[in-house]
Amino acid sequence: MAKLGLNVDHVATVRQARGGMEPDPVAAAAIGELAGAEGITIHLREDRRHIQDRDLELLRRTVKTKLNLEMAATQEMVRIALGVRPEQVTLVPEKRQELTTEGGLDVILNLKAISDAVKRLRDGGICVSLFVDPDQEQVKAASKSGADYIEIHTGAYAEAFGASNMSHELEKIDTAIKLARKVGLGINAGHGLNYVNIKPVAALGGIEEYNIGHSIISRAVLVGLDRAVRDMVELIKYA
Ligand code: PXP
């Protein structure tokens with residue numbers, strides 16, 4: 001059965017907008033687990049724009065399912081991961097100016113540096129996944145790097161316009177799944193997946209874990225707003 005890894009970065013983004021204490025991604029993670037998420041994903045970025053070191057440390061102590069830390073393959077991040085020991089690290093490319101992770105890792109170009117990071121993390125007992133585009137050469141390079149898993153970047157599929165572009169991108173994902181299986185890599189997927197576009201991907205089979213953030217937190221804001229407004233109206237009216 002495929003699993004949901006809930007990405008709580010956006011909860012931290014809202015908190016950082018005021019620099020205060022709420023909403024707390026640690027509380028969001030606990031609610032997510034109670035609701036059935038089987039993993040919690042966070043991206044500790046070099047600029048700490050949303051998730052903070054404090055979140056990582058607390059989540060390490062509170063997550064009961066599986067903590068998946070997305071991070072760049074830098075010395076600083078590898079050191080932090082080895083100290084905190086999440087169950088899984090997903091290595092992602094990181095550019096300071098980007099709004100979100102824009103593309104998969106270029107494992108072919110950075111094979112040596114990525115393989116070194118994979119080895120250090122695996123030696124520390126951490127399962128390592130590489131975030132890659134559904135590209136056969138990148139999947140082969142991921143296999144050479146010694147990683148345990150790939151996370152297939154579903155962004156191009158999510159952004160494809162029209163049925164034929166979507167099915168073309170879906171085919172690439174399917175080919176990547178088949179190749180990853182053949183070379184013995186575990187398979188996760190994520191980026192841009194929502195309540196509509198998840199179905200055809202899930203129907204492909206072979207994906208173990210979906211890491212989803214934006215669409216779930218967006219829906220939470222809308223489905224939770226009714227209750228939140230009612231609670232405040234009641235306090236104001238009946239004080
Ligand atoms: N997987 C990776 C590697 C990511 O960088 C992100 C975005 O932080 C996600 C999954 C989740 O993407 P989304 O927020 O679009 O669901």
Side-chain angles (χ1 to χ4, degrees), residues 3 5-9 39-53 55-56 59-60 63 66-156 173 176-177 179-180 183-193 207-213:
K3 297 174 182 168
L6 172 65
N7 181 315
V8 295
D9 291 353
I40 297 298
T41 294
I42 50 170
H43 185 173
L44 185 68
R45 296 185 77 102
E46 187 196 5
D47 62 9
R48 308 296 197 270
R49 72 170 72 150
H50 41 53
I51 292 294
Q52 306 296 307
D53 297 67
D55 302 327
L56 172 60
L59 286 166
R60 172 60 302 174
V63 166
K66 166 182 161 183
L67 182 60
N68 174 35
L69 173 63
E70 291 177 7
M71 56 176 233
T74 61
Q75 295 291 340
E76 182 206 7
M77 288 299 159
V78 170
R79 184 180 49 72
I80 290 173
L82 289 172
V84 174
R85 289 177 188 256
E87 279 81 12
Q88 180 173 282
V89 157
T90 300
L91 295 176
V92 299
E94 197 174 296
K95 294 188 214 123
R96 276 204 171 218
Q97 304 309 325
E98 67 192 359
L99 285 178
T100 179
T101 314
E102 280 169 0
L105 283 169
D106 192 339
V107 192
I108 302 166
L109 190 68
N110 302 296
L111 186 60
K112 168 88 176 74
I114 290 173
S115 304
D116 287 351
V118 168
K119 181 170 184 330
R120 287 186 63 202
L121 293 162
R122 292 191 83 247
D123 286 351
I126 301 170
C127 173
V128 184
S129 179
L130 303 184
F131 187 51
V132 293
D133 292 332
D135 173 297
Q136 300 199 50
E137 297 311 312
Q138 294 293 351
V139 176
K140 285 182 201 159
S143 165
K144 280 190 205 147
S145 77
D148 304 280
Y149 278 77
I150 53 165
E151 178 174 325
I152 299 176
H153 189 333
T154 49
I173 295 172
I177 291 171
L179 178 58
V183 297
L185 285 162
I187 306 155
N188 301 329
H191 214 285
L193 295 174
I207 295 172
E208 227 173 273
E209 183 179 285
Y210 295 92
N211 287 307
I212 306 180

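Only heavy atoms go into these numbers, but all of them, side chains included; no hydrogens, no water, no symmetry mates.
One distance of note links CZ of R60 with CD1 of I40; it measures 11.5 Å at 0.5 Å rounding. Distance check, rounded to the nearest 0.5 Å: NZ of K144 to CD1 of I114 gives 12.5 Å. A distance of 9.5 Å separates CG in D9 from CG in L44, rounded to the nearest 0.5 Å. Taking CG from D135 and CD1 from I152, the interatomic distance works out to 11.0 Å, rounded to the nearest 0.5 Å. Taken to the nearest 0.5 Å, the CD atom of Q75 stands 8.5 Å off from the CG atom of D116. Expressed to the nearest 0.5 Å, how far CG of L185 lies from CD1 of I177 amounts to 12.5 Å.
A salt bridge between D123 and K119 is present, with a side-chain N of the basic residue lying under 4.0 Å from a carboxylate O of the acidic one. Taking a cutoff of 4.0 Å between a charged side-chain nitrogen and a carboxylate oxygen, E76 and R48 qualify as a salt bridge.
Other residues, nucleotides and ligands contribute over 12 non-hydrogen atoms within 6.0 Å of the NZ atom of K66.
Side-chain atoms of N68 and E87 form no donor-acceptor pair, as typed in the model, at a separation below 3.5 Å. Side-chain contact of Y149 with Q88: a donor-acceptor pair under 3.5 Å is absent, judged by distance alone. Looking only at atom types and distance, the side chain of N188 has no donor-acceptor partner in the side chain of E151 under 3.5 Å away.
Counting heavy atoms from C-beta outward, L67 and L56 have side chains that approach closer than 4.5 Å. Looking only at side-chain heavy atoms (C-beta outward), N110 and L105 stay at 4.5 Å or farther from each other. D148 is not listed as a side-chain neighbour of V118, based on a closest heavy-atom distance of 4.5 Å or more. Counting heavy atoms from C-beta outward, N211 and N7 have side chains that stay 4.5 Å or more apart. Using a 4.5 Å cut-off on side-chain heavy atoms (C-beta onward), I51 and R45 make no contact. Counting only heavy atoms from C-beta outward, the side chains of V84 and L69 never approach each other to under 4.5 Å.
Ring geometry, H153 versus F131: the interplanar angle falls under 30°, so the pair is classed parallel (tilted spans 30 to 60°).
Between H43 and E94 the shortest heavy-atom distance is NE2-OE1, 2.9 Å. Residues A176 and V139 come closest through the heavy atom pair CB-CG2, 4.2 Å. The minimum heavy-atom distance between A81 and L121, with the atom names listed, is CB-CD2, 3.7 Å. In plain terms, the two heavy atoms of G103 and P93 that are nearest each other are O-CG, 3.0 Å. Across all non-hydrogen atoms, the minimal contact from A117 to L91 is CB-CD1, 4.2 Å. Taking every heavy atom of both residues into account, E70 and T41 meet most closely at OE2-CG2, 3.3 Å.
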I would like to know whether M71 and V78 meet side chain to side chain contact (heavy atoms under 4.5 Å, CB included); could you show each step before the answer? CA-CA 8 Å; M71 56 176 233; V78 170; 4.0 Å; yes
